Amino acid sequence: MTETLDLLNGLNPQQIQAVTAGLGQVLVLAGPGSGKTRVLTNRFAFLIRSMGVRPYSILAVTFTNKAAREMETRLERLLGEQVKGGLWLGTFHSICARILRREADYLPVKSNFVIMDADDQEALVRRILKEFNLDEKLYRAASIHGAISTAKNNLVLPKSYPARSYRDEVVSRVYGRYQELLEANNSLDFDDLLLMSVRLLDENPALRQKYAQRFEHVLVDEFQDTNLAQYELLRQLSSFHGNLFAVGDEDQSIYRWRGADYRNVLRFEQDYPKAQKILLEQNYRSTQTVLDAARAVIDQNRNRTPKKLFSERGRGERVILYEAADDYAEAAFVVDTIQQNMAAGVAGGDFAVMYRTNGQSRLLEEAFLRSGVAYRLVGAQRFYGRREIKDLIAYLRLISNPADELSLLRAINVPPRGIGDKTLVALQLCSRQANLSPGEILLDLGQKGDQSSFWSFFSGRGATILADFGAMLAEWQSALEKTSLPALFDRILLDTGYQLYIDDGSEEGNDRWSNVQELQRLAYEYEDRGLTAFLENLALVSDQDTLPEESNVPTLMTLHAAKGLEFPQVFISGLDEGLLPHSRSIDDPEEMAEERRLFYVGLTRARNRLYLVRADRRSTYGSFQDSVPSRFLEDIPEELIKRQGMKRYIETSSTSDWNPRAERRDYYSRWESTPPPDLNLRHAMPPQNSKANYRGGKKASSKTNFEGETGQSPKADFGDEIEPLAKPAPEIQASYKAGNRVRHPSWGEGLVIQDRILDGEEIVDVAFDSVGFKRLLAALAHLEIIR
DNA sequence: GTGGCCCCTGTTTTT
DNA sequence: CAGGGGCCAC
């Protein structure tokens with residue numbers, strides 16, 4: 001009993017109710033920071049320790065491998081070694097792959113099937129479009145593939161694909177052929193892992209029974225992000241014992257484009273009318289101000305269970321909204337602010353910078369590099385998407401599965417060995433006539449040489465080259481049986497002269513080679529588990545999962561990648577129309593609602609301090625475009641916000657001669673442009689001539705009174721040092737004078753060049769003996785006057 | 001068969 | 001602006 005008690009130690013009543021819930025279906029709606037992972041893990045441990053359930057009778061599904069690993073680690077901590085081995089804990093995709101490989105006898109593919117990633121899928125579609133003579137401009141491969149993927153996520157098969165338009169008909173035909181080719185290549189794509197599993201269990205009652213009986217308890221994380229196939233799979237797997245424990249939050253559903261449907265939460269309640277529903281509303285992460293801001297944003301959405309998130313952490317600081325002149329200044333602000341905080345002693349690991357699209361990381365990275373602050377980047381330029389990595393994976397896949405034609409086509413002429421279109425067409429023709437895969441033809445040529453019955457099919461030169469390649473492939477295959485995976489890997493590199501091919505001595509060449517070595521290192525880790533496991537891991541492990549080690553430096557990532565994480569200080573950058581919400585979402589209310597949830601996810605990552613950052617114009621496609629503040633900013637009550645940057649508060653609209661150009665700019669009618677605080681001048685300015693005509697001149701009026709406009713008084717009990725907007729900023733006394741000799745905690749001594757007050761902030765320019773010129777915020781810099 | 005040049009297009013998010 | 005694909009000349 002004491003054992004149970006320590007599982008419940010420190011939990012609130014709702015959390016305890018969830019962890020100890022009885023049999024049947026349980027739906028836990030868990031707001032951000034409400035201890036969701038803890039509940040799930042402790043539930044798992046509770047079932048084993050207090051209910052006597054055997055670990056391998058529990059199925060736990062997460063959305064990322066990282067989440068699965070984390071849960072495993074925590075379980076080990078809670079239960080000791082009891083859980084090692086035999087755990088059914090993983091992502092939907094890995095669990096499905098596991099089931100499918102076990103039950104491959106029932107499938108059109110063999111148990112060593114390869115898993116096609118997104119690039120492969122699109123390449124395959126492109127091939128089919130060519131085969132069907134379809135105009136690739138009219139039918140873009142990405143879009144057709146998207147349609148196929150959506151169909152699969154909704155359990156729609158080619159023959160039942162609705163033909164409402166000619167386009168649908170095209171999709172349906174391509175989809176059918178696509179499936180044929182996958183099968184011929186002994187491969188499944190990502191979506192098939194789910195679809196095939198559902199079909200397998202649906203069409204084989206005995207199998208369904210077997211698995212459903214095995215899993216006495218099914219636990220699911222991030223339930224709001226399940227798609228129909230996943231929902232159905234859960235239903236099947238829990239169909240015998242009926243113990244389904246789902247944890248989620250509609251407000252954090254951000255994978256609609258991947259088929260996720262937060263309405264599965266509603267469906268759950270309908271399908272299981274007896275389900276217990278538990279709300280976790282206490283937030284242990286953020287200050288009340290952060291929660292209030294987040295709630296103001298998410299409350300605009302409909303079709304949700306309203307939640308009253310509360311925190312006992314106090315009001316905290318106001319949200320800082322910084323508006324930069326352009327995206328260069330935006331990035332510079334982020335980095336400068338982090339740098340100054342770090343100089344004042346804040347740990348680098350306390351910061352995260354989030355953005356909507358991966359492309360936005362570029363300017364940020366450049367700013368970080370310039371300032372010399374180390375950072376880590378999650379995802380983005382995908383390791384597994386790199387050319388050299390894909391090349392080598394193609395070799396490995398081909399060895400594991402000679403029927404994998406896509407990999408064959410990639411590997412066969414890389415590095416170039418004189419196999420061109422003509423030879424390839426001949427190979428494909430030969431393959432079709434012989435009713436063998438091209439890989440098998442190659443192997444035959446390699447083994448029998450000119451004695452092969454296929455030899456005469458090719459020109460003398462072509463035949464020789466193909467046979468050589470086939471012989472190499474055959475040797476690798478036998479090496480696979482005799483030696484280890486790392487040895488095989490080395491052998492491939494050696495036989496193909498791959499290093500010479502990619503490492504041309506240039507810096508990029510060097511990078512490419514180190515990527516290869518990184519993959520090689522990974523191969524060593526899989527020495528015991530073998531090639532198939534290695535390949536499966538490569539296919540199912542996402543870049544998000546390969547998050548660089550915690551290194552106490554700021555983290556850069558997309559808002560999607562930020563889900564589930566928390567940081568003391570969070571920057572959300574790019575808060576402009578077209579970026580967040582993204583332009584592809586503006587005309588669809590459902591998409592717009594999802595953008596809002598995405599912003600909500602970002603906001604609720606912050607523990608203490610939240611910076612919202614935008615830019616007045618951004619460089620897109622090489623030239624500048626005016627940018628307009630995100631509509632989501634309007635939803636955050638003014639009294640929660642402290643504004644900084646080029647826009648300053650002036651007296652209310654009527655006296656302003658400034659005419660908003662865009663309708664949306666109405667929001668800013670009470671703001672006017674003033675020169676930026678030029679904290680950032682030492683950073684690169686945009687390549688084009690920079691901002692020409694600031695509307696300088698008008699000073700912030702001392703009559704400014706925000707109360708008069710809203711009739712609300714800002715809360716006075718903020719724990720920050722920020723002055724309430726309601727009162728004119730008090731005169732700050734300058735603490736330093738030009739000529740002062742000062743000492744900085746990390747940069748040592750320096751000479752004050754200039755000191756001035758701007759926007760209520762004291763800014764000091766110092767020439768340090770050690771690091772040269774720095775522009776600092778006096779409040780953060782901790783300068784000590786020596787004389 | 002290969003390499004280079006030019007044009008075009010395109011920027012969500014990822015298991 | 002950048003990367004990819006198509007086309008053309010060796």
Side-chain angles (χ1 to χ4, degrees), chain A residues 61-68 90-97 115-119 121-123 126 130 136-137 140-143 146 149 152-153 188-194 221-222 225-227 229-230 253-260 354-363 378-382 384-385 387 413-425 459 461-462 465 536-546 557-563 574 578-586 588 591 594-595 597-599 601-602 618-624 686-688:
Chain A
V61 199
T62 60
F63 265 78
T64 62
N65 293 290
K66 195 171 137 256
T91 62
F92 272 104
H93 290 84
S94 67
I95 297 280
C96 285
I115 299 166
M116 297 273 181
D117 69 19
D119 286 346
Q121 295 173 50
E122 211 173 299
R126 195 166 292 122
K130 284 207 184 82
E136 282 190 59
K137 295 219 167 97
R140 290 210 330 278
S143 142
S149 177
K152 289 186 173 185
N153 287 329
L188 297 178
D189 70 12
F190 266 138
D191 306 311
D192 279 337
L193 295 176
L194 305 173
D221 194 11
E222 307 282 11
D225 281 328
T226 51
N227 59 36
Q230 290 162 333
S253 172
I254 53 174
Y255 287 103
R256 193 179 118 87
W257 47 274
R258 212 165 75 189
M354 301 168 190
Y355 36 79
R356 177 66 233 268
T357 66
N358 279 307
Q360 290 168 259
S361 71
R362 219 192 78 219
L363 288 180
V378 181
Q381 68 263 60
R382 328 173 42 105
Y384 299 111
R387 194 184 82 204
N413 205 29
V414 174
R417 48 176 75 86
I419 298 173
D421 261 359
K422 248 171 61 187
T423 314
L424 282 181
V425 168
S459 70
R461 200 174 98 86
I465 301 175
E536 175 161 318
N537 177 64
L538 291 179
L540 294 183
V541 160
S542 73
D543 293 295
Q544 303 298 316
D545 291 325
T546 62
M557 68 193 128
T558 63
L559 288 163
H560 282 89
K563 188 157 84 160
L579 229 35
L580 185 66
H582 195 269
S583 50
R584 305 260 282 230
S585 318
I586 41 169
D588 180 345
E591 294 280 313
E594 177 142 320
E595 297 290 305
R597 291 193 292 267
L598 193 52
F599 184 38
V601 165
R618 325 191 72 94
S619 41
T620 41
Y621 296 107
S623 67
F624 272 111
Q688 267 118 41

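Letters A, B, ... mirror the listed sequences (proteins, then strands); counts begin at 1. Fair warning: this is a prediction, and the values are worked out from it, not measured in the lab. Keep in mind that the numbers below use all heavy atoms, side chains included, and drop hydrogens, waters and symmetry copies.
- Counting heavy atoms from C-beta on, the side chains of Tyr255(A) and Asn227(A) never come closer than 4.5 Å.
- Atom NZ of Lys563(A) and atom P of dT12(B) are 20 Å apart (whole Å).
- Residue-level contact check: Arg140(A) touches the backbone only, with heavy atoms under 4.0 Å from sugar-phosphate atoms and none from bases.
- The main-chain N or O of Arg258(A) is found under 3.5 Å from a side-chain atom of Asn153(A) such that the two form a donor-acceptor pair.
- Contact check, Thr558(A) against dT14(B): a side-chain N or O comes under 4.0 Å of OP1 or OP2.
- Looking at Arg256(A), its side chain has no donor and acceptor atom pair within 3.5 Å of the base of dT13(B).
- For the pair Glu536(A) and Ala97(A), the tightest heavy-atom approach, listed with the atom from each and the gap, is OE2-CB, 3.5 Å.
- Under the side chain to side chain contact (heavy atoms under 4.5 Å, CB included) test applied with Ile115(A), the options Leu193(A), Leu188(A), Leu538(A) reduce to a single match, Leu193(A).
- Atom CD in Glu594(A) sits about 12 Å away from atom P in dT14(B), given to the nearest Å.
- Residue Phe63(A) is in sugar-phosphate contact alone, with no base atom involved, counting any heavy-atom pair closer than 4.0 Å across all strands shown.
- Listed nucleotides dT15(B), dT13(B), dT12(B) differ in distance to Thr91(A); the shortest reach to its side chain belongs to dT15(B).
- Put simply, Arg258(A) has no side-chain N or O that comes within less than 4.0 Å of OP1 or OP2 on dT15(B).
- Spacing between atom CG of Asn65(A) and atom P of dT14(B) amounts to 15 Å, rounded to whole angstrom units.
- Here dT12(B) is the nucleotide among dT15(B), dT12(B), dG5(C) with the atom lying nearest to any side-chain atom of Glu591(A).
- Listed candidates were dT12(B), dT15(B), dT13(B). Nearest to the side chain of His582(A) is dT12(B).
- With centres under 5.5 Å and a plane angle under 30°, the ring of Trp257(A) is stacked against the base of dT13(B).
- A heavy-atom distance below 4.5 Å is not found between the side chains of Phe92(A) and Glu222(A).
- Atom CZ in Arg618(A) sits roughly 15 Å away from atom P in dT12(B) (whole-Å rounding).
- dG3(C) atom P lies 12 Å from atom CZ of Arg387(A), rounded to whole Å.
- In this structure, Tyr355(A) contributes its side chain and Leu559(A) its backbone to no donor-acceptor pair below 3.5 Å.
- The aromatic rings of Phe190(A) and His93(A) sit perpendicular, their planes meeting at an angle over 60°, well past the 30° parallel limit.
- Between Asn358(A) atom CG and dT12(B) atom C1' there is a gap of 9 Å when expressed in whole angstrom units.
- For the salt bridge (Lys or Arg N to Asp or Glu O under 4.0 Å) with Asp225(A), the qualifying choice from Arg597(A), Arg256(A), Lys563(A) is Lys563(A), the only one to do so.
- Protein atom CE of Met557(A) is 15 Å distant from nucleotide atom P of dT13(B), rounded to whole Å.
- Comparing dT12(B), dG5(C), dG6(C) by their nearest atom to the side chain of Lys130(A) picks out dG6(C).
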Please list, for nucleotides 1-7 of chain B, all pairs of protein and nucleotide N/O atoms separated by less than 3.5 Å.
unit_1: dG1(B); atom_1: OP1; unit_2: Gly420(A); atom_2: N; d: 3.2
unit_1: dG1(B); atom_1: OP1; unit_2: Thr423(A); atom_2: OG1; d: 3.2
unit_1: dG1(B); atom_1: OP2; unit_2: Asp421(A); atom_2: N; d: 3.3
unit_1: dT2(B); atom_1: OP1; unit_2: Gly418(A); atom_2: N; d: 2.8
unit_1: dT2(B); atom_1: OP2; unit_2: Asn413(A); atom_2: ND2; d: 3.2

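- Nucleotides dT13(B) and dG4(C), compared at atom P, are 15 Å apart to the nearest Å.
- Here the C1' atom of nucleotide dT12(B) and the OH atom of Tyr255(A) are 11 Å apart, to the nearest Å.
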